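These notes are about the structure you will find just below.
Keep in mind that the numbers below use all heavy atoms, side chains included, and drop hydrogens, waters and symmetry copies. Note that the structure is predicted; figures quoted are calculated from it, not measured. Within every chain, numbering begins at 1; the chains are lettered A, B, ... in the order of the sequence lines, protein sequences first and strands thereafter.
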Amino acid sequence: MPQMNLVQAVNSALRTEMRNDEDVIVLGEDVGKVGGVFRVTQGLFDEFGDDRVIDTPLAEGGIIGTAIGMALYGLRPVPEIQFSDFIFPAFDQIVSEAAKFRYRSGGEYTVPMVIRTPVGGGIRGGHYHSQSPESLFIHTAGLKVVCPSNPYDAKGLLLSAIRDDDPVLFFEPKRVYRAVKMDVPEDEYTIPIGKAKVVREGEDVTVVGWGAMLFEALASADEVAEEGVSAEVIDLRTLWPVDIDTIVESVKKTGRLVIVHEAPKACGFGAELLSLVTEKAFVHLEAPPVRVTGWDTPFPYTLEMEYLPLQHRITPALLETAKYIP
Amino acid sequence: MASGRDALLEHYRAMYLIRRFEEEAARAYAQGKIGGFLHLYIGQEAIAVGAAAALREGDQVFQTYRDHGISLALGMSAEKGMAELMGKDTGCSRGMGGSMHFFDKEHGFMGGWGIVGGHVAVAAGAAFKSKYLGDENVTLCFFGEGATNIGGFHEGLSLAGLWKLPIVFICENNQYAMGTPMKRTSAISDLTLKAQGYGMHGDRFEGYDVKVVHERVKQAVDRARKGEGPTFIEIETYRFRGHSMSDPAKYRSRAELEERKKKDPLVITKDQLQQAGATIEDLDNIEIQVEEAVKAAVKAADDAEPAKESVMFDSVMATKLGPQNREEAAR
């Protein structure tokens, strides 16, 4: 089985589905001849031609707007937004149009579009190339939001997303793009949208993460194990619709919860997860749930490693939560 | 004409400063002292210097992420710029912005923008301020040809044209929006046609001769200052390096680059100076002074204190009530 990094795994998923289905179209800035700023779409232009792999002007609103129109008539566009920080000129199209089409046409029209976009920090991009805006889209009814942490999941989830009839925001953690290689089948396979995965079983505390921070959570779980704390790690994979049952089941076992995300704390997705767990498992909680997140500041250029909720911040949170005595 | 020659010598000094600053920035980047993205202005120097020379104190300037050149041309010190690149507290944005997000209030520089087209309507608002207050200041708004396709560009120009604002839009057309040439992303090749739709003056010329840039931008700036409305200027230019340090620029040929380098604005200005009677010694003196200034800037930036977490938290909002996690961060 070939070893792939996340860039190659996403490329493999796109190639697979473009071969399967002529309705799949890729469009975005530099995605064609150049192969994308992170080279995720490399080679697709040569294989599928310029009417299926489209270099667009710099015009995010136009890219997403036209992709919505394509999708309404049965095509399956996969637009790329070069950085998720650049998505805001298209925010209106996503929130006002893509998210509401099925609803306002009484279910007659769907928007089977997947917006792929690199997310998160770790490359010192500063405030316009590092943000994690996922909660803005989760807050908008009508959108699915996916964020794989690793190459294998990325391929399987992207194939599911392209085949899904709803609009999907597909966030690719750019810090992971070339950081991890693993076995990824050349053939097609899918991972269901809406299913989290327990990636490490534990007894004492549950830690929930996604994207690049999942690896930090795993590293912290290893670290606290040396101190006799057994952490259960859940990779959310799909952020919305959220697999709350997997989290609640885990919290019922451990009684303790730590949520990790790069986005700022205020109204970050951790706030919603924490509310849901409190609603569904209040009596099982044995310690105050904790969020380890980015600060409520713009994403910094210089102080990136202080801003990100990395292992050095997750580990003490796990220890304190696991050892908390009411 | 001695005064003309002296002015041109100063233009040369400013262009040479940008060139050497950028080369040292590239070196510092390669040494790992600068992180993230670094977009160099090498090849485009005549535009920043010629345009800055057309301004007066009080005018305001907006630029894209390729913002080192105009900052230096407006008078920001190389030290402040280099320190910002290295994420130091002495940087022009106290290490919070980095390469793409310079600021220099003292010299009227309103910032470099990492979001394409995000600044165009903001610049129109700054020009509205001048019209409203009658301060007779002019706003310059720079962007690349790639930005002329984005919604923010059109909305900004639409309002500036409608309200006859004292603003000059300068499109530095360096032929490539990152890696994609303009002919693959624009239905028209003369971008001043877009200005027509917004009822403003248009001008279009090559940006390799700093004197030409100065004269033509000055015409537009004067027009704006007199209340005769905005101008859209398309200036043909070329970047000698990739889009950023991580771009090997494989989308263009070596031959094309070599051809373009024949129009190096520094070489053109140097030739003009020698024809005007400047001596090799005059030019050498300038180059030596600039070399020393850039070397000192690198040294000062190396030695400066790193950016501070307190600045990060304190600068989010005017009131210090803002971030809930300051105490958490202090732990």
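- With a threshold of 4.5 angstrom between heavy atoms, B/K250 does not approach chain A through any atom at all.
- More than 12 heavy-atom neighbours from other residues, nucleotides or ligands sit within 6.0 angstrom of NZ on B/K33.
- Annotation for A/P298 and B/V316: closest pair CD-CG2, 3.9 Å, computed over non-hydrogen atoms.
- Looking at every heavy atom in both residues, B/I115 comes nearest to A/D85 through CD1-O, 3.6 Å.
- For the atom pair CG of B/N149 and CD of A/E60, the computed distance is 11.0 Å after rounding to the nearest 0.5 Å.
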Please assess A/Y128 against B/W113 for the test side chain to side chain contact (heavy atoms under 4.5 Å, CB included), listing each intermediate value before the final yes or no. CA-CA 9 Å; A/Y128 290 143; B/W113 254 261; 3.9 Å; yes

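- Looking only at heavy-atom pairs under 4.5 Å with chain A, the residue among B/M178, B/M96, B/E309 that has the most is B/M178.
- Ring orientation note: the planes of A/F83 and B/F37 are nearly perpendicular, at an angle over 60° on the 30°/60° scale.
- At least one donor-acceptor pair under 3.5 Å links the side chain of A/T302 to the backbone N or O of B/G95.
- The line from OG1 of B/T180 to CG of A/L58 is 8.5 Å long, rounded to the nearest 0.5 Å.
- Atom NE2 of A/H139 has 12 or fewer heavy atoms from other residues, nucleotides or ligands within 6.0 Å.
- Atoms OH and CG, from B/Y251 and A/D30 in turn, are 8.0 Å apart once rounded to the nearest 0.5 Å.
- Interface remark: B/M182 contributes no atoms to any contact with chain A (heavy atom separation under 4.5 Å).
- Both the backbone and the side chain of A/I123 come within contact range of chain B, each with at least one heavy atom under 4.5 Å from a heavy atom of that chain.
- In this structure, OG1 on B/T185 lies 14.0 Å from CD1 on A/I54, to the nearest 0.5 angstrom.
- Here the closest non-hydrogen pair linking A/R124 and B/G35 is NH1-N, 3.6 Å.
- Ring geometry for B/H101 versus A/H127: interplanar angle of 30 to 60°, hence tilted.
- Heavy-atom distances place no part of A/E304 under 4.5 Å from chain B, backbone and side chain included.
- Rounding to the nearest 0.5 angstrom, the gap separating the CG atom in A/D50 from the CZ atom in B/R184 is 7.0 Å.
- Within the 4.5 angstrom heavy-atom criterion, only side-chain atoms of B/P248, from C-beta onward, approach chain A.
- If you measure heavy-atom distances from B/L85 to chain A, the contacts under 4.5 Å come from the backbone alone.
- With rounding to the nearest 0.5 angstrom, the OG atom of B/S99 is 7.0 Å from the OH atom of A/Y301.
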